[in-house]
Q: 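One structure is given below, represented as structure tokens, and several questions about it will come after.
Just so you know, these numbers use all the heavy atoms, side chains as well, and skip hydrogens, waters and symmetry mates. Nothing here was measured: the structure is a model prediction, and the numbers come from that model. Each chain gets a letter, A, B and so on, in the order its sequence line appears, and its residues count up from 1.
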There are 2 protein chains.
Amino acid sequence: MEPVGLREAGPADHECDVLVVGFGAAGAAAAHEAAGAGADVLVLERAGGPGGTSAQSGGELYLGGGTEIQKACGFDDTPDDMYAYLEAALGPHPDTAKLRLYCDESVEHFEWLRARGVPFKASLYETPTWMPPTDDGLMWLGENAWPFTEIARPAPRGHRPAAPLFAGRVLMDALSSAATGAGAVAHRDTQAANLILDDDGRVAGAVARRYGKRVVYRARRAVVLTTGGFVDNDDMLRDHAPVLLGHGKVSDGLDDGSGIRMAAAIGAATRRMGEVEVALAALPVLVARGMLVDALGRRFINEDVYPGRFSHHAVRHQPGPYWAIIDEEGFDQIPEPDLWGVRPKHAAETLAEMEESLGMPPGSLANTVEVYNRHAAHGEDPYFHKDPRWLRPLRGPFAAFDPGDGFWGSGGPASGVSGFTLGGLHTDLDGAVLNHSGARIPGLYAAGRASHGIHGEGYVSGTSLGDGTFFGRRAGRAAARDATA
Amino acid sequence: MEPVGLREAGPADHECDVLVVGFGAAGAAAAHEAAGAGADVLVLERAGGPGGTSAQSGGELYLGGGTEIQKACGFDDTPDDMYAYLEAALGPHPDTAKLRLYCDESVEHFEWLRARGVPFKASLYETPTWMPPTDDGLMWLGENAWPFTEIARPAPRGHRPAAPLFAGRVLMDALSSAATGAGAVAHRDTQAANLILDDDGRVAGAVARRYGKRVVYRARRAVVLTTGGFVDNDDMLRDHAPVLLGHGKVSDGLDDGSGIRMAAAIGAATRRMGEVEVALAALPVLVARGMLVDALGRRFINEDVYPGRFSHHAVRHQPGPYWAIIDEEGFDQIPEPDLWGVRPKHAAETLAEMEESLGMPPGSLANTVEVYNRHAAHGEDPYFHKDPRWLRPLRGPFAAFDPGDGFWGSGGPASGVSGFTLGGLHTDLDGAVLNHSGARIPGLYAAGRASHGIHGEGYVSGTSLGDGTFFGRRAGRAAARDATA
């Protein structure tokens, strides 16, 4: 992790203008733009091919402000509405400067993605879900749930490459082809281990390992770190984001924070290292029709929000275990395919029985349901303002679902929770990495989850691939024209 | 903040074996032990005299395992009970290695403090409070509240120098006199700005400013950073602990994270930069007799816990504003001096009126009180297990107190919340600062809030002065014998 000097590094095995470390979505975007600006670009990828965690994701990109897909689906949207929603949903305390730019230029970014060959179908998937089982190009990501309905005009902004479920591979195939098509050259099975510093403290390349051999890469203009987050590194989780310890990891298994550590070792600043995305496996369609309660039988959120939001509120703020409670009538309304084979953990005729099964204080769940039903009978939810279309008094028999049983089925994490990290290197709007005095470190850029992006405490699907590709592009362009060399 | 080389630094104005930066409690402890080990010690303090935030605090030291004061007050205690309590109360995810050592050697640390002239009176202050108005030497810090009563045998471990309220000055006078008495020399009005690195990357001193002049300090063995946390630096709060933005600052006004940044600039690792202590001004004696509710009229904790704990749960996990609700009978039981002049913000005959005054959903507070009363009538609290001595059905008329109106009165922060930071440099058990590869940075130590100590997400009064002095001593001894020079 510690840096090496130019002389210590020895002769370069490879030279380039811009060295991109990591060939996920952010790296592909950076490599494409740097190459397009005329730079000689090398991309290092420690796996056997491009893709990284991006390729294994749902592929959602949070885009809006009036894209062609939004228009074709009948939605008006503006950058201001997009900004207002994200400022609240990613908050408190998102990076407002990055967020403003991200929203103002979102339509352009959508067009850039489409021009790179990412396919988007002009159709909306309406049902609450983590990932649509269809190839629809647009989905809601919480914009139509309270309190956001009062903050910004709702429009769906989840843009998806045209593929069912895990569409990230479609995105990555397009972006990696675009990068190499623009002239970037990829070296696979190659892991950067140390940054090279010249005598003036400028980043001048990296020392890597490839098939057990040391390989020296000299970068004449800049190095761009797009190495991902650190969810696969339990030591780093312990130091910075212990809330994810013991949970599942949303990653390709290689998100060990190497880029963050290489840069921090030369005095790079980091931001928000404790912020994380967390997801309960819970089926949103089931949760929305019933109620989500904590270990004390208490509701804590409107269940029709984006599932990442109810997951975050549960894991960060409520005592577990959590339970999705539904009645027979609600359960029967869910089409079988939408249940993914998930079955109740407990069933009971009365709430007293259910409390006993779930180890809740006597009367607790009954009290919650009584209050819920009293208001639901009038289509109201004065506590959390769930949309009336999901409100209906619940009547026995009741079923309780473990929100750990969900989308991922038996292949999911034992805790029912999985996540990834949002904190990383402190960068400016051009992706330049800053030191602890707030100055740019000459020759060093970062994007994607190696950096801190637009996020505050909150997270919405599509904002990680979104800010990774958006600021990856900016980092690639800035690196190509880096004048500090 | 950025480091300077030995040659760049120029001739030394002052030389010493061990340079301690910051003359609060951790710095005094480090300086004393380094001087006692035979080192030539200089201590830099940017203010006009020793003390720092430590001198302006309540002066509590979390000590136990069977101190003389505990025994004299009739309590048996063991290091294992102390560890079990702190592991839970400072958790989740405290630093267990540091915590184990801290508990195992706590009696010795108490004796060391007493031998340095810190006066402890052998009497217990029994009432829940932030700071006793007496000179009693022992106080409860949450050990006798659920769930800790089931985790460890309760014993009070808050050890206080013999002075009413803010006893930190008594502590600091003793420790700073002990340090200079042992031979350490203090340079006041002197602010370290950059670490000096020799050609091998070893920390060899610091460049400071004094009355506008640059002063070069050469340290032959080591530098110990005891510069405090970063609550006074809004940029650092924004980057690492935004939850404290806009709240009051528990500090001497100089906790700007300078030591953390100087060290991070040379590649030092940090830990848990987002963890904080937060305190509502709320009067614990009032909260314990009534109930603490959030913006939705919900209880969320047993109100008889250490007030830092109910504050943390409120600020970190519940929607505000928060309210302390009490009835006339409970209010009348509180002796006038214990009220500190605090008066209700709202009063109402019925809970429906109160809900309207407080902007809560109709029926919400009434539901909470109904459930509370039903169980309190039997001396029970099945949700949060408040001790029966504080349980009694609440009957109108009711009063609501803003927990921002409390101990600090009109001099407190507008938000009613104040706090300080718990994250900092990553150190080992000897206070040596580690780099991002987990190796010691030669010649660099840290203690107190410039470092990450024993804390996880939780905090208990006395553990900051406690771990600061304990690991400050270890850092001073290790610095004095540093063999890497």
Q: Is A:Pro92 in contact with chain B via its backbone, its side chain, both, or neither, using a 4.5 Å heavy-atom distance?
A: neither
Q: Using a cut-off of under 4.5 Å for heavy-atom pairs, which of A:Ile260, A:Leu296, A:Asp235 has the most such pairs with chain B?
A: A:Leu296
Q: Under 4.5 Å heavy-atom distance to chain B, tell me which part of A:Leu245 shows up: side chain, backbone, both or neither.
A: side chain
Q: Is it the side chain or the backbone of A:Arg238 that comes within 4.5 Å of chain B heavy atoms, both, or neither?
A: both
Q: Does some side-chain heavy atom of B:Pro242 sit less than 4.5 Å from a side-chain heavy atom of A:Glu457?
A: no
Q: Within residues 364-372 of chain A, which residues come under 4.5 Å of chain B, heavy atom to heavy atom?
A: A:Ser364, A:Asn367, A:Val371
Q: How far apart are the closest heavy atoms of B:Pro361 and A:Tyr383, and which atoms are they?
A: CG-CA, 4.4 Å
Q: To the nearest 0.5 Å, what is the distance between CD1 on A:Ile266 and NE2 on B:His436?
A: 10.5 Å
Q: If you count heavy-atom pairs within less than 4.5 Å of chain A, which of B:Arg298, B:Met1, B:Arg272, B:Met360 leads?
A: B:Arg272
Q: Got a second to check how far B:Ser437's OG is from A:Glu2's CD, nearest 0.5 Å?
A: 3.5 Å
Q: Could you look at B:His375 and say if it's the side chain, the backbone, both or neither that has a heavy atom under 4.5 Å from chain A?
A: side chain
Q: Under 4.5 Å, heavy atom to heavy atom, which residues of residues 316-323 of chain B contact chain A?
A: B:Arg316, B:His317
Q: Could you grab the distance from atom CG of B:Asp239 to atom NE2 of A:His93, nearest 0.5 Å is fine?
A: 12.5 Å
Q: Flag yes if more than 12 heavy atoms outside B:Glu356 fall under 6.0 Å of its CD atom; otherwise flag no.
A: no
